[in-house]
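Take a look at the structure below.
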Amino acid sequence: MTPTITGAGALEILDSRGRPTVEAHLALSDGTTARASVPSGASTGRHEAVERRDGDPARYGGRGVLGAVEAVNGEIAAALRGMEPQQRTVDQALLALDATADKSRLGANAMLAVSLATARAAAKVAGVPLWRHLAGGGPVSLPMPMVNIVSGGLHAGRQLDFQDFLAIPAGARTYSEALEWVVRLHGAMGTVLAERGLSTLKADEGGYGPRLDDHRAALRLMDDAVARAGLRPGDDVVYALDVAATHFFTGDAYRLDSEGRTLSADALAQYIGDLAAEHPIASVEDPLAEDDWPAWAAFTQRLGDGLQIVGDDLFTTNLARLDRGIAERSANAVLVKMNQIGTISETLDVVARAKEAGFRTVISARSGETEDPALADLAVGTRSGQIKVGSVTGGERLAKYNRLLRIERELGDRAAFAGWGGDG
Ligand SMILES: C=C(OP(=O)(O)O)C(=O)O
Ligand SMILES: [Mg+2]
């Protein structure tokens, strides 16, 4: 007999920025227990499901989540009691209970914590690891990591306007080799910065946040650090940018404060195209603002043959927005963040739709993370092909990388690695 949910509860824990977030606990009638916690973004998209925050300035500067915790302890626990830990059924119950389009009543943070705890509980009942459970009997593979080396934007006090300069160890043959290369590269970047008297302080996701003259300077540093690490740019390592353009869009133009100039969508596309011609850039995320749909389609038409073009703020892991992007050819890849949409079922639907349409998928962390490694399981179980966790420091990031190392070992000879551009 399948066990049923006997209790659900939550508590306020802290994320990697020291801000409160939700951790949920589920208990089943057979004694199984499971817990899950949720991350939080800083460079959020307007179309994300809404994280419930208390707003009481006397607690954590208004960022407490006791309301979301109370929603789990009260309404959600009452609604789920007696139900089987079946993902679609539980997620449907959460959606019906919340009854808003943006999940603002219960809070997407409350809902995702419970949805993810449900997945974990179901995996435990089935006696399989979470990644195997999420694969639903389908094939699995280890993702290619896309790793933050230099940070700007809202994660690094806007030293640069572009948010992330990332490395993809495209030439690596296994996940563990890929990880070793980017760790070496991250260390080499620290050495290069120190030698030039530049700051080696780290930003929110563990990438370096030096003050630089312009975006080209960051790319030249990447070239130097790759060489210093004994790797070959373009062969062993290619680059990715998260432009996060929404966050410097003025409403009708793109203001690059770090370069003291303002560009039209067309000029920004030209600039990014030039950077991609000068350096081995293989992927560009959010090159344009979240609602600038025509500019996205024009960008993809111009550069989409040679570049992976990833929608993050554009799609916000939302099926309706992804459908529009597929129809309009706005991009050719989607960033997948569970907490942008708030349930596991909806997240899986977005991954499935993207794959059907030939879009690549990148499972992503948030800048505020917890030690919960679930997104590693999601990347393996959905064969997403790529994972973006920030940099290779900090327990909240390493929880994911190390989880993948353990899965790689567990799979042994059967450990398929996506490589660059594949899904394994
Ligand atoms: C991880 C990102 O940022 P945040 O979590 O701050 O929204 C991102 O923009 O890809
Ligand atoms: Mg992004």
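Because only heavy atoms are used, hydrogens play no part in the values below, and waters and symmetry mates are left out as well, while side chains stay in. Start at 1 with the first residue, then count along the sequence. Ligands are counted one by one from 1 in listed order, and the atoms in each one are counted from 1 as well.
- Look at D204 and R366 and you find no salt bridge, because none of the NZ, NE, NH1 or NH2 atoms lies under 4.0 Å from a carboxylate O.
- Listed by chain and number, G41, A42, S43, T44, H155, Q163, E205, D242, E285, D312, L335, K337, A365, R366, S367, K388 each place a non-hydrogen atom less than 4.0 angstrom from ligand 1.
- In this structure, the side chains of V243 and I272 come closer than 4.5 Å at one or more pairs of heavy atoms.
- Considering every non-hydrogen atom in both V237 and A167, the closest pair reads CG1-CB, 3.9 Å.
- A cation-pi arrangement, defined by a distance under 6.0 Å to the six-membered ring centre and an angle within 45 degrees of its axis, is absent between R173 and W420.
- Side-chain contact, D102 with S104: a donor N or O sits under 3.5 Å from an acceptor N or O.
- Checked against side-chain contact (heavy atoms from CB on, under 4.5 Å), T118 has the following partners two or more places apart in sequence or in another chain: L26, P85, Q87, V90, V114.
- Side-chain contact check for S391 and H186: at least one donor-acceptor pair (N or O, by modelled atom type) lies under 3.5 Å.
- Using the six-membered ring where Trp is involved, F248 and F162 have ring planes that are parallel, under 30° apart on the 30 and 60° scheme.
- Shown here are the side-chain contact (heavy atoms from CB on, under 4.5 Å) partners of S40, two or more places apart in sequence or in another chain: D15, E51, R53, R63.
- Of all protein N, O or S atoms, those under 2.8 Å from the Mg ion (ligand 2) number 3.
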